[in-house]
Undergrad: 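Please read through the structure below; I'll follow up with questions.
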2 protein chains.
Amino acid sequence: MQRKGASRRRGEALELAILEAVWAEFSELGYLGLTMEGVAKRAGTSKPVLYRRWSTKVEMLIACIANRIPQAESVPDTGSLRGDMVALLTVARERMSVIGQTAMLGMLTEVSKDPEAREVLLGGLANELVNMVYQVIYRRSIERGELTEEQLTPRLLRLPTDLARNEFLLFGTISDEAVTSIVDEVILPALRARGASV
Amino acid sequence: MQRKGASRRRGEALELAILEAVWAEFSELGYLGLTMEGVAKRAGTSKPVLYRRWSTKVEMLIACIANRIPQAESVPDTGSLRGDMVALLTVARERMSVIGQTAMLGMLTEVSKDPEAREVLLGGLANELVNMVYQVIYRRSIERGELTEEQLTPRLLRLPTDLARNEFLLFGTISDEAVTSIVDEVILPALRARGASV
DNA sequence: ACTGTCAAGATACGGCCCGTATCTTACGGA
DNA sequence: TCCGTAAGATACGGGCCGTATCTTGACAGT
């Protein structure tokens with residue numbers, strides 16, 4: 001289409017240019033306004049080039065986001081479980097804000113038909129946070145002697161991320177008040193009742 | 001379009017026939033397959049008739065669901081907070097299953113642009129369950145002397161519904177295991193840590 | 001019974017985007 | 001240099017959108 005004088009791109013250079021265009025379109029028009037045609041035009045390429053790589057818009061967007069949010073930044077060691085947890089939820093909020101409410105809902109929608117795709121999505125983005133809960137925050141707390149391994153369950157590991165996600169899917173944002181009430185009224189009490197001294 | 005010999009419907013009779021058609025289309029084709037054109041054809045009417053009532057597909061579906069799920073059945077009194085809570089989550093699961101994962105995501109998507117519409121959706125369907133938590137389950141528990149009013153917070157009232165919704169939005173279903181782990185590892189412990197004897 | 005009003009119902013339209021098929025053309029490796 | 005492969009352009013049928021227009025039936029008031 002465009003790029004008349006330029007040389008023909010291939011491989012990774014092309015792919016990055018496309019993902020760049022995906023992000024630009026997504027940022028300007030939002031998830032609903034994101035179209036294959038628009039991306040192709042913006043990237044100076046054509047639809048078949050996109051469909052050779054991704055078969056749906058969401059798949060493409062997931063690739064784009066995975067490319068933009070490579071690694072989760074670590075959570076600072078605040079010295080207390082409460083502080084760490086607040087910091088984690090803040091990180092979660094920022095990561096979700098980058099994606100946006102509509103896009104998250106859209107991804108879940110696409111992925112709801114295909115359990116395998118769900119694994120990719122949840123395993124890739126959400127589990128990163130869940131793992132951080134377990135491998136960083138709770139581990140620090142165990143080392144401080146506040147928790148024991150046995151007091152933790154898979155459900156408790158998921159809990160912070162689940163509540164943050166729910167809040168974000170409903171309201172498109174996570175207020176400071178939401179963060180503190182989640183931590184102080186749910187997470188910490190649930191741990192205490194299992195014997196933790198947090 | 002169709003209904004050649006029949007008399008022309010008006011008002012409520014027409015409206016109910018349309019909502020019937022919405023439900024039929026939705027059940028057969030799912031949320032993504034639901035279209036204004038399809039509904040119009042199935043109801044034996046035409047698109048303008050639909051657009052005179054609802055401006056979007058979701059708005060129409062919400063009206064349909066509100067019509068189909070009028071009142072929440074009450075939760076049986078099992079004699080214990082744990083039993084009541086399990087029963088509530090089971091009711092929540094059934095209500096959500098009727099709607100379906102994709103439709104719930106779709107509704108949230110449409111509603112994400114319009115805070116006012118969100119109030120309608122959440123206030124109408126979700127709050128029904130939240131109110132049941134407060135006005136039925138917790139109240140019974142308070143009467144049994146297990147809880148006091150002061151131990152409850154808005155966040156704790158929302159908690160059961162929030163966790164159920166999150167589970168359903170992610171997986172499209174709420175397993176028995178999910179129900180019990182939510183109750184036994186999160187909700188009850190969180191209450192106990194605040195002084196409840198449940 | 002007559003008539004005016006209003007919504008039902010039918011149809012058609014431009015538009016957007018989908019997903020794919022086809023063809024030419026450039027790149028890059030052997 | 002030649003050849004395979006993928007880029008890039010284009011065109012297509014199709015579906016659904018949302019709206020404008022028109023006719024016709026139902027109902028109410030007199």
Side-chain angles (χ1 to χ4, degrees), chain A residues 1-22 24-26 28-63 102-103 106-107 109-110 113-114 117, chain B residues 1-22 24-26 28-63 102-103 106-107 109-110 113-114 117:
Chain A
M1 194 83 77
Q2 287 152 328
R3 290 176 44 80
K4 295 186 308 183
S7 87
R8 180 174 289 183
R9 299 158 297 181
R10 298 178 76 100
E12 192 162 353
L14 175 59
E15 188 127 348
L16 289 178
I18 293 174
L19 292 181
E20 190 73 23
V22 173
E25 290 279 303
F26 174 59
E28 285 182 19
L29 307 171
Y31 178 75
L32 297 176
L34 185 69
T35 66
M36 300 303 250
E37 302 216 338
V39 170
K41 178 175 290 187
R42 158 107 53 166
T45 180
S46 60
K47 284 194 292 175
V49 175
L50 305 183
Y51 280 105
R52 276 174 204 134
R53 290 173 166 72
W54 311 283
S55 58
T56 66
K57 140 179 162 177
V58 172
E59 207 177 308
M60 185 176 71
L61 182 57
I62 290 176
T102 322
M107 293 196 230
T109 301
E110 283 290 332
K113 294 170 289 191
D114 182 358
Chain B
M1 194 85 74
Q2 285 152 332
R3 292 175 41 82
K4 295 186 308 182
S7 86
R8 179 174 290 183
R9 300 159 296 182
R10 298 178 75 101
E12 193 162 351
L14 174 60
E15 187 127 346
L16 288 177
I18 293 174
L19 293 180
E20 190 74 21
V22 172
E25 290 280 303
F26 174 58
E28 284 180 21
L29 306 171
Y31 178 75
L32 297 176
L34 185 69
T35 66
M36 301 302 251
E37 303 216 338
V39 169
K41 179 175 289 186
R42 159 106 54 168
T45 181
S46 60
K47 285 194 290 174
V49 175
L50 305 184
Y51 280 103
R52 275 173 207 137
R53 290 174 168 72
W54 310 282
S55 59
T56 66
K57 141 179 164 178
V58 173
E59 207 177 309
M60 184 176 71
L61 182 57
I62 290 176
T102 322
M107 293 197 231
T109 302
E110 282 289 333
K113 293 169 290 190
D114 182 357

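Below, chains carry the letters A, B, ... as their sequence lines are ordered, and counting in each starts from 1. Since this is a predicted model, take the numbers as computed values, not measurements.
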Undergrad: Measure CZ/Arg53(A) against C1'/dA7(D) and give the value in whole Å, please.
TA: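 Answer to the nearest Å: 9 Å.
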Undergrad: Please report, rounded to the nearest Å, how far the C1' atom of dC17(C) is from the OH atom of Tyr31(A).
TA: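 These atoms are roughly 14 Å apart.
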Undergrad: Let me know, please, whether Leu34(A) or Leu14(B) comes out on the 5' side of the other along DNA chain C by nearest nucleotide.
TA: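 The 5'-side residue here is Leu14(B).
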Undergrad: How close do Lys47(B) and Ala40(B) get, counting heavy atoms only, and between which atoms?
TA: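 Answer, listing the atom of Lys47(B) first, then Ala40(B): N-CB, 3.7 Å.
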Undergrad: Return the value, rounded to whole Å, for the distance between atom CG of Leu29(B) and atom P of dG15(D).
TA: 14 Å
Undergrad: Once you round it to whole Å, what is the distance between P of dC18(C) and NZ of Lys41(A)?
TA: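 Rounding to the nearest Å, NZ of Lys41(A) and P of dC18(C) are 12 Å apart.
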Undergrad: State which of dC16(D), dG9(C), dC17(C) makes the closest approach to the side chain of Thr35(B).
TA: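 Within the option list, the nearest is dC16(D).
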Undergrad: Taking all atoms of both residues into account, what is the closest heavy-atom pair of Trp54(B) and Met60(B), and its distance?
TA: CE3-CG, 3.5 Å
Undergrad: Suppose we screen for side-chain hydrogen bond (donor to acceptor under 3.5 Å, both in side chains). Which residues come up paired with Ser55(A), at least two apart in sequence or across chains?
TA: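 By the side-chain hydrogen bond (donor to acceptor under 3.5 Å, both in side chains) rule, Ser55(A) matches Glu59(A).
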Undergrad: Which nucleotide wins on minimum distance to the side chain of Met36(A), given the candidates dG8(D), dG9(C), dG19(C)?
TA: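 Side chain of Met36(A) sits closest to dG19(C).
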Undergrad: Identify whether NZ of Lys or CZ of Arg in Lys57(B) sits under 6.0 Å from the centre of the six-membered ring of Tyr31(B) and within 45° of that ring's axis.
TA: yes
Undergrad: Between Gly11(B) and Glu37(B), which has a closest nucleotide on DNA chain C that is more 5'?
TA: Gly11(B)
Undergrad: Over all heavy atoms of both residues, which pair between Ala21(A) and Ala43(A) is shortest? Give the atoms and the distance, please.
TA: CB-CB, 3.7 Å
Undergrad: CG of Leu32(A) versus P of dC17(C): gap in Å, rounded?
TA: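 Between P of dC17(C) and CG of Leu32(A): 12 Å.
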Undergrad: In this structure, how many angstroms lie between the P atom of dG18(D) and the CH2 atom of Trp54(B), rounded?
TA: 14 Å
Undergrad: Return the minimal non-hydrogen interatomic distance between Arg42(B) and Ala24(B), and the atom names on each side.
TA: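 Looking at all heavy atoms of both residues, the closest pair is NH1-CB, 3.5 Å.
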Undergrad: Do Arg53(A) and Leu14(A) have side chains that approach each other closer than 4.5 Å (heavy atoms only, starting at C-beta)?
TA: yes
Undergrad: Taking 4.0 Å as the cut-off, does a side-chain nitrogen or oxygen of Thr45(A) come that near to OP1 or OP2 on dA7(D)?
TA: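 It does not, given that no N or O in the side chain of Thr45(A) lies less than 4.0 Å from OP1 or OP2 of dA7(D).
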Undergrad: Counting primed atoms plus P, OP1 and OP2 as sugar-phosphate and everything else as base, spell out the protein contacts along nucleotides 20-30 of chain C at 4.0 Å heavy-atom distance: B, S or - for each nucleotide, 5' to 3'.
TA: BB---BBBS--
